[in-house]
Amino acid sequence: MVETFSKHKLSEHNRLDRWAFNGLLCLVVWLPLPLASNRSWAIGILLAMVALLSVTVALAWRRDLPALLASLRPYRLPLLLLGAFVACAFLQVAPLPAAWVAWLSPASFQVQQAAGLAAGGAPLHLSLDVYQSRIVASLSCAYFFVFVLVLLLVRDKRRLDRLAQVLVWSGLAQAIIGVLLFSAGAHYRLFFYELLHVNVLGTFANRNHFAGYMELTLSVGIGLMLARLGNSGPSYSGWRHRVVSGMQFLLSPKMRLRLMLVIMVIALVLTRSRMGNTAFFAAMLIVGLISLPLSWRAAPATITLITSLVIVDVVLVGTWVGLDKVVSRIDETTLAASGQGNAGKMVNGKYVEDSVEERLLPARHAVQLIADFPVFGTGGGSFYTTFTRYRPPEIAGYYDHAHNDYAEIASDHGLLGGGLLAALVLATFGISLKIMLKRRSSLPRGMAFAAMMSTVALAIHSSVDFNLQIPANALTFLIILALAWVAARLPSQQGGGQRRA
């Protein structure tokens, strides 16, 4: 009777576990579909999906809590850093005594006191926009739980490979949707937002954020390609064997993956995103050069893949779909503003690109905002309201974002929150370097490459854009970081020493 009951529990655990993992895959695909989950109703759906997945996993592990904690123990560092960031986000919206707010954030207290909110001993908040900060805190909590879900559910190489493949398939689907809508010149209104597909957008509202999503999924695709090349069979000499080997490659899943990457690169180029394309190709070359001395066993495969990506994707595909137009946009981008206010307008029949200086204006003037709210910031999602106090008269227009993730995260979450996120990214980059140096298995090395490349690409792109403020991109990036930590813990041999399910 006891044995039957134990088998029943195990079967129930496995069934719930499979449901949760498949639900995680569905979440990955869903994220970019509803305008990159960057609308209030889409955020509500995202939170509901994460809550459902978390409850499913909790039910699966409800009879074995010690095993759950043991499974998470190796990931103490990333969980502590991300958990501390979430705690800071909720601290910003927690009602606190006025004296506490005056001590923790004097500038925030002064603003609320001037607005008459401190009268009568009413509790105050560290955030200057509590409603938006509650949304950001809820999102941050969801990000944390998804990070935990990846660590718990992806326990073997099969699931790691499958999740990585779904990320690439999602990127491919976005690329195909984007190219089709672009080819048709689609123009429509969706959920009160006008979409004009003069560039490839996928299901995003902004081409630069779509380019950011392509950077992430392409990074995973290149990592998978490296893993596949690392699993190649023995090399043979003689032209007959080489011909046979070449034919086998053309008919293999590796070739299918390679064609998927080509289509995704086409979509990236057709976004005409200057920094999106620059960040992708720069990150691929930088991480490729870093990986060569770290994984000398796979160096020939890495060189072959990177070379083929540069030759085929940049020279051939890029020329065919118009990479020269992206280069032209970059070439026409000046460092300093012209002072004539023509950026983004048609002058003498020619579109005037905004300069680097104009793109960085909000971030530059946000420095004083950061100086006034250095520790806890002004509250998650509050930039669009707080920046109006620091925007000089010569900056026309309305800025809902800083167009610089570093400045916006520091202003919204303070140097404390920004430092915690930076530590998480750097720790993941470090563990990825360790994988590349010490692991022989090709899949962990491929996922380490993916994490490093996506990190470098977003680090470059974030200097002039706000991809990390878009839920689809931010959560996809966190999932990729989690994959690196999972890859570091996978057993070298699939047979023994696996983590407990």
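The structure presented is a predicted model; accordingly, all values stated were derived computationally and were not measured.
- Using a 4.5 Å heavy-atom threshold, the side chains of L153 and V57 count as touching.
- Counting heavy atoms from C-beta on, the side chains of T386 and D129 never come closer than 4.5 Å.
- In this structure the side chain of D372 reaches within 4.5 angstrom of the side chain of Y390, judged on heavy atoms.
- For an aromatic pair to be called close, the ring centres must be under 6.0 Å apart, and H461 with F280 fails this.
- In this structure a side-chain-to-backbone donor-acceptor pair under 3.5 Å is missing from T278 to M275.
- In this structure, W30 has no ring pair (Phe, Tyr, Trp, His ring centres under 6.0 Å) partners at least two apart in sequence or on a different chain.
- A search for side chain to side chain donor-acceptor pair (under 3.5 Å) contacts involving N473 returns N467, not counting sequence neighbours.
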field: Verdict with supporting geometry, D17 and R155, salt bridge (charged side-chain N to carboxylate O under 4.0 Å, His left out)
entry: CA-CA 11 Å; D17 184 77; R155 297 186 298 272; 2.9 Å; yes
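- E215 and S219 are not linked by any side-chain donor-acceptor pair at a separation below 3.5 angstrom, with hydrogens and angles left out of the test.
- Remark: side-chain polar atoms of S105 are not paired, donor with acceptor, to backbone N or O of V101 under 3.5 angstrom.
- Between the side chain of S432 and the backbone N or O of M452, no donor-acceptor pair lies under 3.5 Å.
- Of the possible donor and acceptor atoms, one in the side chain of Q92 sits under 3.5 Å from a partner among the backbone N and O of G380.
- Open room surrounds CH2 on W103; 12 or fewer heavy atoms of other groups in view lie less than 6.0 Å from it.
- Residues S462 and D405 have side chains that bring a donor and an acceptor to within less than 3.5 angstrom of each other.
- A donor-acceptor pair under 3.5 Å links the side-chain atoms of S108 to the main chain of L126, judged by distance alone.
- Within the model, atoms OH of Y193 and CG of N38 stand 9.5 Å from one another, a figure rounded to the nearest 0.5 Å.
- What you find for S454 and L216 is that their closest heavy atoms are CB-CD2, 3.6 Å.
- Residues H413 and F85 place their aromatic rings such that the two centres sit under 6.0 Å apart.
- Counting heavy-atom neighbours within 6.0 Å of F145 CZ, excluding the residue itself, gives a total of 12 or less.
- Using a 4.5 Å cut-off on side-chain heavy atoms (C-beta onward), S71 and W61 make contact.
- By the 4.5 Å heavy-atom criterion applied to side chains, L149 and F21 are not counted as neighbours.
- Side-chain contact between F466 and N404 is absent, with no heavy-atom pair separated by less than 4.5 Å.
- Aromatic ring centres of Y384 and Y399: separated by at least 6.0 Å.
- Among all heavy-atom pairs drawn from M447 and G223, the shortest one is CE-C, 4.3 Å.
- At least one donor-acceptor pair under 3.5 Å links the side chain of S291 to the backbone N or O of V287.
- Closest approach of T271 to R207, counting heavy atoms only: O-CD, 3.0 Å.
- In this structure, CG in L68 is found 5.0 Å from CG in L152, a value given to the nearest 0.5 Å.
- From L53, atom CG reaches atom CG of L24 across 6.5 Å, with rounding to the nearest 0.5 Å.
- We find the CZ-CG distance between R18 and L16 to be 9.0 Å, quoted to the nearest 0.5 Å.
- Of the possible polar contacts, none joining the T217 side chain to the L172 backbone as a donor-acceptor pair under 3.5 Å is found.
- No option in L195, L181, L196 other than L196 meets the side chain to side chain contact (heavy atoms under 4.5 Å, CB included) test with H187.
- Side-chain atoms of S382 and Q132, non-hydrogen and from C-beta on, never get closer than 4.5 Å to each other.
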- request: Check the pair V168 / L218 against side-chain contact (heavy atoms from CB on, under 4.5 Å), numbers first and verdict last.
  value: CA-CA 7 Å; V168 179; L218 274 166; over 6 Å; no
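- Using modelled atom types and a 3.5 Å distance limit, the side chains of Q174 and T203 yield a donor-acceptor pair.
- Scanning all heavy atoms of the two residues, the minimum distance from Y143 to A474 falls at OH-CB, 3.9 Å.
- Closest heavy-atom contact between A205 and R39: CB-NH2, 4.2 Å.
- A donor-acceptor pair under 3.5 Å is absent between the side-chain atoms of R162 and the main chain of R159, judged by distance alone.
- Of the possible polar contacts, none joining the Q469 side chain to the G381 backbone as a donor-acceptor pair under 3.5 Å is found.
- With hydrogens and angles disregarded, a donor-acceptor distance shorter than 3.5 Å links the side chain of E408 to the backbone of A402.
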